[in-house]
Amino acid sequence: MERNGIFHSVCPLDCPDQCGLLLHKKDGKIVKVEGDPEHPVTKGHICNKVRNMTERIYDENRLKYPLKRTGLKGEGKFTRISWEEALRTITAHWSELIQSDGPESILPYSFYGNMGRLSAEGMDRRFFHRLGASRLDQTICSSAGSVGYKYTMGGSLGIDPEETIHSKLIIFWGINAASTNMHQVALAQKARKQNGAKIIVIDVHKNQTGRLADWFIPILPGTDSALALGLMHILFAENMVDQDFLQTYTVGHEELREHVMQYDPETVSAITGVPVADIFKLARMYGEASPSFIRIGNGPQHHDNGGMFVRTVSCLPALTGQWLVKGGGAIKGNSGYLLPNTECLQRPDLLKNKNTRIVNMNLLGEALQALNQPIKSLYVYGSNPAVVAPSSHKVRAGLARENLFTVVHDLFLTETAKYADIVLPATSSFENTDIYTSYWHHFAQLQQPVIEPFGEAKSNVEVFRLLAHTMGFGDEAAFKETEAEMIEGALNNPRNPYLEGINFDRLSESNYLKAKVKPLFPGKLPTPSGKIELFSERMKQDGHPPLPTYIPLVNDGDHPYQFVPGPNHNFLNSTFSNNQKHVDLEKEPRLHMNQKDALAAGIQDGEMVRVWNDRGECVLKVSIGENVLSGVVVSQGLWADENGTKQLVNVLTPDRIADMGGGATFFSGRVSIEKT
């Protein structure tokens, strides 16, 4: 491996932009990370998180070798051991558990801390399928909205984001894109400059994205579907719909026309907090502008009614026929265009018992404390559930069980790792071979190792090969494939014509390749009717209202404030929250509160407040102003408790399950507030 030079790379973070990078290497170490100026989407621009990635991969606290717990769970006391001892200890415990309690007593817990397909859903899935372990339902992020969108559009398919430079009206709905999708903001700014495009932001908090908008519309949490239905009411009433498009490419438009009559602007205003005049203004702007584009965010889908929100808002482009206009339409996600051959990658055929139990990852705390068919071992990788999972008090109580054998594979001694019996050091993405497929733009990208593994760190693929060997099934073909062979198999998906021509060899030469995507219309969608389903018979069969409907949030207790713990700018979930450079950039956790509420409560700007409900409490510094509506408080970032602080917001969040897809309801909690 060359010690000096500039090397192509990929950002591994769970972010839609999935940037192409250039890594500058000197004396065997990465000294600079920059955006690839030749990458068609990245165009040389990257966020602070990644620009400072060297601070993370060379952090003095990074794990260098395996550890064994010597203190109490959660205390963080460990001693160094060899890989041989670590693997022997793990497999001995698992072999005993399989004999005494069955393989389903073992639960893997993971998410996309590294978005590489091999790292997140490759050899790991093969191993746990072969082992017969309990399966994890990975629903913490976007599952509710994905199901909702699928009811309307058939799959994770939107417009090409590169085409949004042609848009005349751009609506960021429930997404702080400046912090979580920066290149969509860059495209919007370009459309603003060259087309005079107007940028509208609809959100519960006037964050960085709200501040750059031409018009920011504050809304009460969990009421977004009502606003979308109010817009439909006006579009139909004022004849601003494209009747030819509705007739040709949709089903249920007449039923929808009648259904939305009940969502008049006065009713919708009372629900959403958006003034009647603003509802009329927004509907007319949307009805008259073409091309118009809606970037549908993750935020509103983290409610009890999150799936229905996405199902509802995704109907809007059909009403005005925007799918036929270049730069018109919507994006919830675009992962359908780059969907790999998951059967080949994950090998579900290795699972002998097809009725193996499935555990929803949002219910980890509950699952770890269940007395019926208890979980006796937890293997965590690519996630930090002690911080990121809802109802964290339950999660930590479960992790503290002495009869729970826990293994954590990570780059750092995370809050979860402090509860582990065995901790394994993980490689960074820059030390691995992997394939990356964006869920927003249309480029597949290849990562090949740029630096040597840090200390004794190993990749997920390598660790699961080793575990398969020590468990006695490492000689099976599924566990002998190389990374290149796994990638080649993943890219060979006969059911996805968009991947045609993308393979390992071509990616090795060019680093990134674009899927062969064509406009959705004219064409047939993967819905039962082949059309946009404004009325969905499948939803009816699944127990949902077949037409878009506003469903109020679940009662979350007698607390006066709706609490929304949103993302911040310099962390990605809990990633970077332990790296000093990124902590310094973010400064401190804050709670945003309306001036009217603060005055009534006798709270001054900058004071520390206790934020609490029946699940737990936080102590945060308050920021007072007009950035949120009265009755709403918003925090930003997953800051872990440390040095006696109480700033872990997920102790406050409910672990109820959303209306669709088993999704999380992080934003549907309520809290009380008082001065400390």
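For the numbers below, each heavy atom of this structure counts, side chains included, while hydrogens, waters and symmetry mates do not.
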Side chain to side chain contact (heavy atoms under 4.5 Å, CB included) partner of V463, chosen from N460, L467, V461: L467
With side chain to side chain donor-acceptor pair (under 3.5 Å) as the test, would you mind laying out the steps for N298 and S142 before giving the verdict? CA-CA 6 Å; N298 269 1; S142 60; 5.2 Å; no
Are side-chain N/O atoms of [X] and [Y] paired as donor and acceptor at under 3.5 Å?
| X | Y | value |
| --- | --- | --- |
| R615 | S391 | no |
| R311 | T152 | yes |
| N362 | T139 | yes |
| R117 | T437 | yes |
| E104 | T356 | no |
| N114 | S429 | no |
| N403 | R401 | yes |
| N432 | T427 | yes |

Side chain to side chain contact (heavy atoms under 4.5 Å, CB included) assessment of K77 paired with R69: CA-CA 6 Å; K77 290 185 177 179; R69 179 169 62 88; over 6 Å; no
For the side chain of [X] and the backbone of [Y], is there at least one donor-acceptor N/O pair under 3.5 Å apart?
| X | Y | result |
| --- | --- | --- |
| N353 | N355 | yes |
| D304 | V554 | yes |
| E617 | W612 | no |
| S95 | T91 | yes |
| H93 | T89 | yes |
| N579 | H582 | no |
| E488 | F504 | yes |
| Y149 | L157 | yes |
| Q647 | A640 | yes |
| H441 | F443 | yes |

Check whether the ring centres of Y381 and Y109 lie less than 6.0 Å apart, and answer yes or no. no
With a 6.0 Å cut-off on ring centres, are Y498 and Y337 close enough? yes
Give me the atom names and distance for the closest heavy-atom approach of [X] to [Y].
| X | Y | value |
| --- | --- | --- |
| N650 | T653 | OD1-OG1, 2.9 Å |
| P425 | E456 | CG-O, 3.9 Å |
| S9 | Q447 | OG-OE1, 2.6 Å |
| M361 | S110 | CE-O, 3.6 Å |
| V147 | G661 | CG2-CA, 3.7 Å |
| S438 | Q18 | N-OE1, 3.0 Å |

side-chain contact (heavy atoms from CB on, under 4.5 Å) involving T416 - partner list, sequence neighbours excluded: V380, N384, P385, A386, L399, V408, T414
Using ring-ring contact (aromatic ring centres under 6.0 Å, His included), reason through F667 and H302 one step at a time and then give a plain yes or no. CA-CA 6 Å; F667 296 170; H302 285 154; 5.5 Å; yes
Where at least one partner belongs to residues 470-484, residue pairs that pass salt bridge (Lys or Arg N to Asp or Glu O under 4.0 Å), sequence neighbours excluded: R126-E481, R130-E476, R465-E483
For the residue pair F127 and W94, does the interplanar ring angle fall in the parallel (under 30°), tilted (30 to 60°) or perpendicular (over 60°) class? tilted
Could you check whether R80 makes a cation-pi contact with Y65, meaning its NZ or CZ is under 6.0 Å from the centre of the six-membered ring and within 45° of the ring axis? yes
Check ring pair (Phe, Tyr, Trp, His ring centres under 6.0 Å) between [X] and all other residues, then give those that pass, not counting sequence neighbours.
| X | result |
| --- | --- |
| F479 | F473 |
| Y436 | none |
| F430 | none |

In terms of side-chain geometry, is the basic nitrogen of [X] or [Y] positioned less than 4.0 Å from the acidic oxygen of its partner?
| X | Y | answer |
| --- | --- | --- |
| E85 | K68 | yes |
| D101 | K376 | yes |
| R347 | E121 | no |

Starting at [atom1] of [X], measure out to [atom2] of [Y] and round the result to the nearest 0.5 Å.
| X | Y | atom1 | atom2 | answer |
| --- | --- | --- | --- | --- |
| H409 | Y379 | NE2 | OH | 5.5 Å |
| M123 | L118 | CE | CG | 8.0 Å |
| E415 | D410 | CD | CG | 9.5 Å |
| C618 | N613 | SG | CG | 9.0 Å |

More than 12 heavy atoms from other groups under 6.0 Å of NE2 on H469: no
I'd like to know whether NZ of K540 has more than 12 heavy-atom contacts from other residues, nucleotides or ligands below 6.0 angstrom. no
Take K150 and T527 through the test side chain to side chain contact (heavy atoms under 4.5 Å, CB included) and record every step on the way to the result. CA-CA 8 Å; K150 187 175 182 180; T527 57; over 6 Å; no
Can you give me every donor-acceptor pair (side chain of residues 363-373, partner residue at least two apart or in another chain, under 3.5 Å) with its distance?
residue : atom : partner : partner atom : Å
Q369    : NE2  : G365    : O            : 3.4
Q369    : NE2  : K394    : O            : 3.0

Trace of the side chain to side chain contact (heavy atoms under 4.5 Å, CB included) decision for F563 with F666: CA-CA 9 Å; F563 175 58; F666 288 112; over 6 Å; no
Determine, step by step, whether L424 and W83 satisfy the side chain to side chain contact (heavy atoms under 4.5 Å, CB included) criterion, reporting the C-alpha distance in whole Å, the side-chain angles of both residues, the deciding distance to 0.1 Å, and the verdict. CA-CA 8 Å; L424 305 174; W83 269 100; 3.8 Å; yes
